[in-house]
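Notes to accompany the following structure.
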Amino acid sequence: MGRKIVVALGGNAILVDNPTAEAQKQAVKQTAEHLVKFIENGDELIVTHGNGPQVGNLLLQNLEADSDKNPAFPLDSLVAMTEGSIGYWLQNALQNALAERNIDKEVATIVTQVIVDEKDPAFENPTKPIGPFYSEEEAKVEIEKGKGTFKEDSNRGWRKVVPSPKPVTIKEIKTISNLVETGHIVIAGGGGGIPVIEREGKLEGIEAVIDKDFASQQLATQLNADLFVVLTGVDYVFVNYNKPDQMKLEQVTVSDLHTYIEEKQFAPGSMLPKVEAAIDFVESGEANTAIITSLENIGSLIHSNAGTIITK
Ligand SMILES: Nc1ncnc2c1ncn2[C@@H]1O[C@H](COP(=O)(O)OP(=O)(O)O)[C@@H](O)[C@H]1O
Ligand SMILES: NC(=O)OP(=O)(O)O
(Lines give C-alpha, C1' and ligand atoms only; values in the text may rest on other atoms or scores of the structure.)
(Ligands and ions follow the chains in the order given, each with its own letter.)
Protein backbone atom coordinates (compact mmCIF):
# COMPACT_ATOMS: atom_id res chain seq x y z
CA MET A 1 0.00 0.00 0.00
CA GLY A 2 1.18 3.52 -0.84
CA ARG A 3 1.16 6.51 1.50
CA LYS A 4 -2.29 7.27 2.93
CA ILE A 5 -2.96 10.93 2.07
CA VAL A 6 -5.93 13.04 3.14
CA VAL A 7 -6.29 15.99 0.79
CA ALA A 8 -8.52 18.96 1.73
CA LEU A 9 -9.64 20.99 -1.27
CA GLY A 10 -9.97 24.76 -0.96
CA GLY A 11 -12.75 26.85 -2.45
CA ASN A 12 -10.98 27.58 -5.74
CA ALA A 13 -10.87 23.84 -6.52
CA ILE A 14 -14.65 23.94 -7.11
CA LEU A 15 -15.96 27.45 -7.55
CA VAL A 16 -13.85 30.19 -9.11
CA ASP A 17 -16.33 32.96 -9.94
CA ASN A 18 -19.21 31.31 -11.79
CA PRO A 19 -21.69 29.45 -9.54
CA THR A 20 -23.46 27.50 -12.32
CA ALA A 21 -23.32 23.72 -12.02
CA GLU A 22 -21.59 23.56 -15.41
CA ALA A 23 -18.79 25.96 -14.39
CA GLN A 24 -18.26 24.16 -11.07
CA LYS A 25 -18.11 20.79 -12.86
CA GLN A 26 -15.53 22.27 -15.23
CA ALA A 27 -13.44 23.55 -12.29
CA VAL A 28 -13.68 20.14 -10.60
CA LYS A 29 -12.51 18.48 -13.84
CA GLN A 30 -9.32 20.60 -13.70
CA THR A 31 -8.97 19.75 -10.02
CA ALA A 32 -9.18 16.02 -10.79
CA GLU A 33 -6.36 16.39 -13.34
CA HIS A 34 -4.15 17.62 -10.50
CA LEU A 35 -5.34 15.14 -7.85
CA VAL A 36 -4.79 12.13 -10.09
CA LYS A 37 -1.03 12.79 -9.86
CA PHE A 38 -1.08 11.38 -6.31
CA ILE A 39 -2.72 8.20 -7.59
CA GLU A 40 -0.22 7.91 -10.46
CA ASN A 41 2.46 8.25 -7.77
CA GLY A 42 1.03 5.16 -6.01
CA ASP A 43 -0.56 7.03 -3.08
CA GLU A 44 -3.92 6.14 -1.48
CA LEU A 45 -6.18 9.18 -1.65
CA ILE A 46 -8.96 10.43 0.61
CA VAL A 47 -10.45 13.72 -0.60
CA THR A 48 -12.40 16.27 1.42
CA HIS A 49 -13.75 19.59 0.23
CA GLY A 50 -15.49 22.79 1.32
CA ASN A 51 -19.09 23.80 0.63
CA GLY A 52 -19.35 27.36 2.02
CA PRO A 53 -20.45 29.08 -1.21
CA GLN A 54 -22.60 26.15 -2.36
CA VAL A 55 -24.53 25.53 0.88
CA GLY A 56 -25.24 29.26 1.26
CA ASN A 57 -26.49 29.45 -2.34
CA LEU A 58 -28.68 26.39 -1.80
CA LEU A 59 -30.13 27.97 1.34
CA LEU A 60 -31.02 31.10 -0.68
CA GLN A 61 -32.70 28.93 -3.35
CA ASN A 62 -34.66 27.14 -0.61
CA LEU A 63 -35.77 30.40 0.97
CA GLU A 64 -36.98 31.73 -2.40
CA ALA A 65 -39.38 28.80 -2.89
CA ASP A 66 -43.04 28.77 -1.78
CA SER A 67 -42.77 28.08 1.96
CA ASP A 68 -46.01 25.99 2.06
CA LYS A 69 -45.72 23.92 -1.12
CA ASN A 70 -41.95 23.62 -1.07
CA PRO A 71 -40.61 24.44 2.39
CA ALA A 72 -36.94 25.21 2.96
CA PHE A 73 -34.81 22.38 4.33
CA PRO A 74 -32.77 22.80 7.53
CA LEU A 75 -29.06 23.48 7.22
CA ASP A 76 -27.92 19.93 8.12
CA SER A 77 -29.98 18.55 5.20
CA LEU A 78 -28.56 21.25 2.90
CA VAL A 79 -25.02 20.27 3.95
CA ALA A 80 -25.90 16.66 3.07
CA MET A 81 -27.15 17.82 -0.35
CA THR A 82 -23.92 19.68 -1.10
CA GLU A 83 -21.88 16.70 0.13
CA GLY A 84 -23.77 14.64 -2.42
CA SER A 85 -23.61 17.07 -5.33
CA ILE A 86 -19.98 18.14 -4.96
CA GLY A 87 -19.05 14.53 -4.14
CA TYR A 88 -20.71 13.45 -7.39
CA TRP A 89 -18.82 16.07 -9.43
CA LEU A 90 -15.51 14.97 -7.92
CA GLN A 91 -16.29 11.25 -8.15
CA ASN A 92 -17.25 11.62 -11.80
CA ALA A 93 -14.22 13.76 -12.70
CA LEU A 94 -11.72 11.56 -10.86
CA GLN A 95 -13.20 8.38 -12.35
CA ASN A 96 -12.89 9.85 -15.86
CA ALA A 97 -9.31 11.03 -15.19
CA LEU A 98 -8.41 7.50 -14.03
CA ALA A 99 -10.05 5.89 -17.08
CA GLU A 100 -8.02 8.14 -19.41
CA ARG A 101 -4.89 6.82 -17.72
CA ASN A 102 -6.07 3.18 -17.71
CA ILE A 103 -5.98 3.09 -13.91
CA ASP A 104 -8.46 0.52 -12.65
CA LYS A 105 -9.72 1.99 -9.37
CA GLU A 106 -13.17 3.01 -8.14
CA VAL A 107 -14.06 6.31 -6.51
CA ALA A 108 -16.83 6.49 -3.88
CA THR A 109 -18.38 9.38 -1.99
CA ILE A 110 -19.45 8.77 1.59
CA VAL A 111 -22.22 10.95 3.00
CA THR A 112 -20.43 11.55 6.28
CA GLN A 113 -21.93 12.48 9.63
CA VAL A 114 -19.64 14.34 12.00
CA ILE A 115 -20.49 14.38 15.68
CA VAL A 116 -20.31 17.78 17.37
CA ASP A 117 -20.94 18.88 20.96
CA GLU A 118 -24.36 20.51 21.38
CA LYS A 119 -22.79 22.68 24.11
CA ASP A 120 -20.11 23.97 21.73
CA PRO A 121 -20.00 27.77 22.27
CA ALA A 122 -20.03 28.16 18.46
CA PHE A 123 -23.83 27.68 18.56
CA GLU A 124 -24.11 31.02 20.40
CA ASN A 125 -21.66 32.84 18.12
CA PRO A 126 -22.04 32.24 14.36
CA THR A 127 -18.72 32.71 12.52
CA LYS A 128 -18.79 30.47 9.41
CA PRO A 129 -19.35 32.49 6.21
CA ILE A 130 -21.58 30.84 3.61
CA GLY A 131 -23.09 31.84 0.26
CA PRO A 132 -22.44 34.94 -1.82
CA PHE A 133 -20.67 38.16 -0.88
CA TYR A 134 -22.57 41.39 -0.17
CA SER A 135 -21.49 45.00 0.16
CA GLU A 136 -21.77 46.40 3.68
CA GLU A 137 -24.96 48.30 2.67
CA GLU A 138 -26.55 45.17 1.15
CA ALA A 139 -25.66 43.13 4.23
CA LYS A 140 -27.28 45.71 6.52
CA VAL A 141 -30.49 45.51 4.46
CA GLU A 142 -30.47 41.69 4.83
CA ILE A 143 -29.94 42.01 8.61
CA GLU A 144 -32.86 44.47 8.87
CA LYS A 145 -35.06 42.01 6.91
CA GLY A 146 -34.26 39.39 9.60
CA LYS A 147 -32.22 37.22 7.22
CA GLY A 148 -29.69 36.21 9.89
CA THR A 149 -26.25 37.33 10.98
CA PHE A 150 -23.84 38.84 8.45
CA LYS A 151 -20.14 39.56 9.02
CA GLU A 152 -17.15 40.82 7.07
CA ASP A 153 -15.16 37.86 5.61
CA SER A 154 -11.36 38.30 5.50
CA ASN A 155 -11.53 41.73 3.74
CA ARG A 156 -13.42 40.13 0.81
CA GLY A 157 -16.93 41.46 1.55
CA TRP A 158 -19.86 40.64 3.83
CA ARG A 159 -21.44 37.16 4.07
CA LYS A 160 -24.11 35.37 6.02
CA VAL A 161 -22.56 33.52 8.97
CA VAL A 162 -23.78 30.36 10.72
CA PRO A 163 -22.56 28.37 13.74
CA SER A 164 -19.47 26.27 13.12
CA PRO A 165 -18.89 23.79 15.96
CA LYS A 166 -15.63 21.82 16.18
CA PRO A 167 -15.80 18.23 14.87
CA VAL A 168 -15.53 15.71 17.70
CA THR A 169 -15.53 12.43 15.78
CA ILE A 170 -16.45 11.03 12.37
CA LYS A 171 -19.28 8.52 12.51
CA GLU A 172 -18.52 6.58 9.32
CA ILE A 173 -14.77 6.30 9.98
CA LYS A 174 -14.71 2.47 9.79
CA THR A 175 -16.49 2.44 6.43
CA ILE A 176 -14.09 5.05 5.05
CA SER A 177 -11.10 3.17 6.43
CA ASN A 178 -12.28 -0.16 4.96
CA LEU A 179 -12.72 1.41 1.53
CA VAL A 180 -9.23 2.94 1.66
CA GLU A 181 -7.65 -0.32 2.88
CA THR A 182 -9.23 -2.18 -0.04
CA GLY A 183 -7.73 0.23 -2.58
CA HIS A 184 -10.63 2.57 -3.32
CA ILE A 185 -10.43 6.34 -3.61
CA VAL A 186 -12.77 7.95 -1.10
CA ILE A 187 -14.40 11.38 -0.98
CA ALA A 188 -15.59 11.94 2.60
CA GLY A 189 -16.32 14.66 5.14
CA GLY A 190 -17.34 17.00 2.32
CA GLY A 191 -18.42 20.44 3.48
CA GLY A 192 -17.01 19.57 6.90
CA GLY A 193 -19.49 16.68 7.13
CA ILE A 194 -23.09 16.78 8.33
CA PRO A 195 -23.18 18.14 11.88
CA VAL A 196 -24.97 15.73 14.21
CA ILE A 197 -25.30 15.56 17.98
CA GLU A 198 -25.68 12.41 20.03
CA ARG A 199 -28.64 12.32 22.45
CA GLU A 200 -29.36 9.18 24.44
CA GLY A 201 -27.50 7.10 21.89
CA LYS A 202 -29.35 8.61 18.88
CA LEU A 203 -27.81 10.82 16.22
CA GLU A 204 -29.70 14.03 15.36
CA GLY A 205 -28.81 16.59 12.71
CA ILE A 206 -28.16 20.11 13.94
CA GLU A 207 -28.11 23.36 11.97
CA ALA A 208 -24.48 24.36 11.45
CA VAL A 209 -21.61 24.14 8.95
CA ILE A 210 -18.38 22.56 10.19
CA ASP A 211 -15.10 24.07 8.99
CA LYS A 212 -13.72 21.67 6.39
CA ASP A 213 -10.10 22.25 7.49
CA PHE A 214 -10.90 21.00 11.01
CA ALA A 215 -13.08 18.13 9.76
CA SER A 216 -10.33 17.08 7.31
CA GLN A 217 -7.78 17.10 10.12
CA GLN A 218 -10.10 14.92 12.21
CA LEU A 219 -10.47 12.52 9.27
CA ALA A 220 -6.68 12.41 8.69
CA THR A 221 -6.02 11.77 12.38
CA GLN A 222 -8.70 9.08 12.76
CA LEU A 223 -7.49 7.32 9.58
CA ASN A 224 -3.86 7.42 10.80
CA ALA A 225 -2.94 9.08 7.52
CA ASP A 226 0.74 9.48 6.65
CA LEU A 227 0.18 12.92 5.22
CA PHE A 228 -2.43 15.68 5.48
CA VAL A 229 -2.38 18.02 2.48
CA VAL A 230 -4.34 21.27 2.58
CA LEU A 231 -4.76 22.69 -0.93
CA THR A 232 -5.63 26.36 -1.21
CA GLY A 233 -5.03 29.47 -3.33
CA VAL A 234 -1.30 29.89 -2.52
CA ASP A 235 1.77 27.67 -3.09
CA TYR A 236 3.13 28.52 0.37
CA VAL A 237 2.08 29.96 3.70
CA PHE A 238 3.80 33.32 4.17
CA VAL A 239 4.83 35.49 7.05
CA ASN A 240 4.20 39.19 6.45
CA TYR A 241 1.77 38.04 3.74
CA ASN A 242 1.15 40.62 0.99
CA LYS A 243 3.73 43.01 2.45
CA PRO A 244 6.95 43.99 0.65
CA ASP A 245 9.00 41.78 3.02
CA GLN A 246 6.73 38.70 2.78
CA MET A 247 8.63 35.44 3.26
CA LYS A 248 7.45 31.98 2.24
CA LEU A 249 7.60 29.19 4.80
CA GLU A 250 9.10 26.00 3.34
CA GLN A 251 10.05 23.67 6.22
CA VAL A 252 8.41 24.81 9.42
CA THR A 253 7.93 23.29 12.87
CA VAL A 254 4.82 23.37 15.04
CA SER A 255 6.68 25.53 17.54
CA ASP A 256 7.60 28.09 14.81
CA LEU A 257 3.93 28.18 13.79
CA HIS A 258 2.81 28.86 17.37
CA THR A 259 5.14 31.87 17.41
CA TYR A 260 3.74 33.14 14.11
CA ILE A 261 0.17 32.64 15.36
CA GLU A 262 0.99 34.81 18.40
CA GLU A 263 2.32 37.45 15.97
CA LYS A 264 -1.06 37.24 14.12
CA GLN A 265 0.60 36.27 10.83
CA PHE A 266 -2.35 34.20 9.61
CA ALA A 267 -5.74 35.70 8.81
CA PRO A 268 -8.60 34.25 10.93
CA GLY A 269 -11.22 32.58 8.72
CA SER A 270 -8.75 31.95 5.89
CA MET A 271 -5.16 30.82 6.61
CA LEU A 272 -5.41 30.48 10.40
CA PRO A 273 -7.78 27.44 10.47
CA LYS A 274 -5.54 25.66 7.93
CA VAL A 275 -2.44 26.26 10.05
CA GLU A 276 -4.29 25.18 13.22
CA ALA A 277 -5.61 22.03 11.52
CA ALA A 278 -2.09 21.21 10.24
CA ILE A 279 -0.65 21.65 13.77
CA ASP A 280 -3.33 19.40 15.29
CA PHE A 281 -2.62 16.67 12.74
CA VAL A 282 1.15 16.83 13.20
CA GLU A 283 0.75 16.69 16.98
CA SER A 284 -1.61 13.69 16.79
CA GLY A 285 0.99 11.13 15.60
CA GLU A 286 4.68 10.40 15.93
CA ALA A 287 5.72 10.84 12.29
CA ASN A 288 2.84 12.97 11.02
CA THR A 289 3.52 15.60 8.37
CA ALA A 290 1.14 18.23 7.00
CA ILE A 291 1.57 20.30 3.87
CA ILE A 292 -0.16 23.52 2.84
CA THR A 293 0.15 24.37 -0.84
CA SER A 294 -1.88 24.89 -4.03
CA LEU A 295 -3.51 22.36 -6.36
CA GLU A 296 -1.25 23.53 -9.19
CA ASN A 297 1.80 22.73 -7.04
CA ILE A 298 0.97 19.02 -6.54
CA GLY A 299 3.47 17.91 -9.24
CA SER A 300 6.30 19.90 -7.59
CA LEU A 301 5.19 18.67 -4.18
CA ILE A 302 5.46 15.04 -5.29
CA HIS A 303 8.79 15.44 -7.10
CA SER A 304 10.63 18.07 -5.05
CA ASN A 305 8.72 18.60 -1.80
CA ALA A 306 7.68 22.14 -2.74
CA GLY A 307 5.05 23.72 -0.45
CA THR A 308 4.89 24.60 3.24
CA ILE A 309 5.87 21.40 5.03
CA ILE A 310 4.93 21.21 8.71
CA THR A 311 6.60 18.75 11.08
CA LYS A 312 7.14 18.41 14.84
N1 LIG B 1 -0.11 34.30 6.00
C2 LIG B 1 -0.71 33.90 4.88
N3 LIG B 1 -0.01 33.18 3.96
C4 LIG B 1 -0.60 32.77 2.82
N5 LIG B 1 -1.89 33.05 2.48
C6 LIG B 1 -2.62 33.76 3.37
C7 LIG B 1 -2.08 34.22 4.59
N8 LIG B 1 -3.04 34.91 5.27
C9 LIG B 1 -4.13 34.87 4.49
N10 LIG B 1 -3.89 34.18 3.35
C11 LIG B 1 -4.93 33.99 2.31
O12 LIG B 1 -5.70 32.88 2.73
C13 LIG B 1 -6.18 32.19 1.55
C14 LIG B 1 -6.67 30.81 1.94
O15 LIG B 1 -7.92 30.95 2.60
P16 LIG B 1 -9.32 30.68 1.87
O17 LIG B 1 -9.28 31.24 0.47
O18 LIG B 1 -10.38 31.11 2.79
O19 LIG B 1 -9.29 29.11 1.87
P20 LIG B 1 -9.85 27.96 0.91
O21 LIG B 1 -8.76 27.71 -0.11
O22 LIG B 1 -10.03 26.81 1.84
O23 LIG B 1 -11.14 28.45 0.30
C24 LIG B 1 -4.96 32.22 0.65
O25 LIG B 1 -5.29 31.97 -0.70
C26 LIG B 1 -4.43 33.64 0.89
O27 LIG B 1 -5.06 34.53 -0.01
N1 LIG C 1 -17.42 23.79 5.18
C2 LIG C 1 -16.41 24.62 4.81
O3 LIG C 1 -15.48 24.91 5.59
O4 LIG C 1 -16.51 25.14 3.52
P5 LIG C 1 -15.59 26.26 2.85
O6 LIG C 1 -14.17 25.80 3.00
O7 LIG C 1 -16.02 26.31 1.41
O8 LIG C 1 -15.84 27.53 3.58
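Whatever order the structure lists them in is the order used to number ligands and atoms, beginning at 1.
Residue contacts with ligand 2: N51 is placed with a nitrogen or oxygen under 3.5 Å of a nitrogen or oxygen of the ligand (distance criterion only).
Nearest non-hydrogen protein atom to atom 7 (O) of ligand 2 is G52 N, 2.8 Å. Counting protein heavy atoms only, atom 23 (O) of ligand 1 is closest to G11 N, 2.9 Å. The protein atom (non-hydrogen) at minimum distance from atom 10 (N) of ligand 1 is Y241 CE2, 3.5 Å.
Selection from R156, M271, K274 by nearest heavy atom to atom 18 (O) of ligand 1 gives R156. Across K128, K274, K212, R159, heavy-atom proximity to atom 8 (O) of ligand 2 is greatest for K128.
Contact check on R3 versus D43 returns a salt bridge, with a Lys/Arg side-chain nitrogen under 4.0 Å from an Asp/Glu carboxylate oxygen. Ion pairing between a basic and an acidic side chain is recognised when a charged N comes within 4.0 Å of a carboxylate O; K145 and E142 show such pairing. In this structure, K174 does not pair ionically with E181, as no charged nitrogen and carboxylate oxygen lie closer than 4.0 Å. A salt bridge between E124 and K119 is absent, with no side-chain N of the basic residue lying under 4.0 Å from a carboxylate O of the acidic one. With respect to E152 and R159, no salt bridge is recorded, no charged nitrogen being found less than 4.0 Å from a carboxylate O. Between E204 and R199 there is a salt bridge, since at least one side-chain N of the basic residue sits less than 4.0 Å from a carboxylate O of the acidic one.
Using a 4.0 angstrom heavy-atom cutoff, G191 counts as in contact with ligand 2. Using a 4.0 angstrom heavy-atom cutoff, P53 counts as in contact with ligand 2. Ligand 2 does not have V79 within reach: every non-hydrogen atom of the residue lies 4.0 Å or more from it. Note on ligand 1: K212 sits in its first shell, one or more heavy atoms being nearer than 4.0 Å.
Each of Y134, F133, W158 was evaluated against F150; a single residue qualifies, Y134, per the ring pair (Phe, Tyr, Trp, His ring centres under 6.0 Å) test.
Contact annotation for V55 and ligand 2: no heavy atom of the residue comes within less than 4.0 Å of the ligand.
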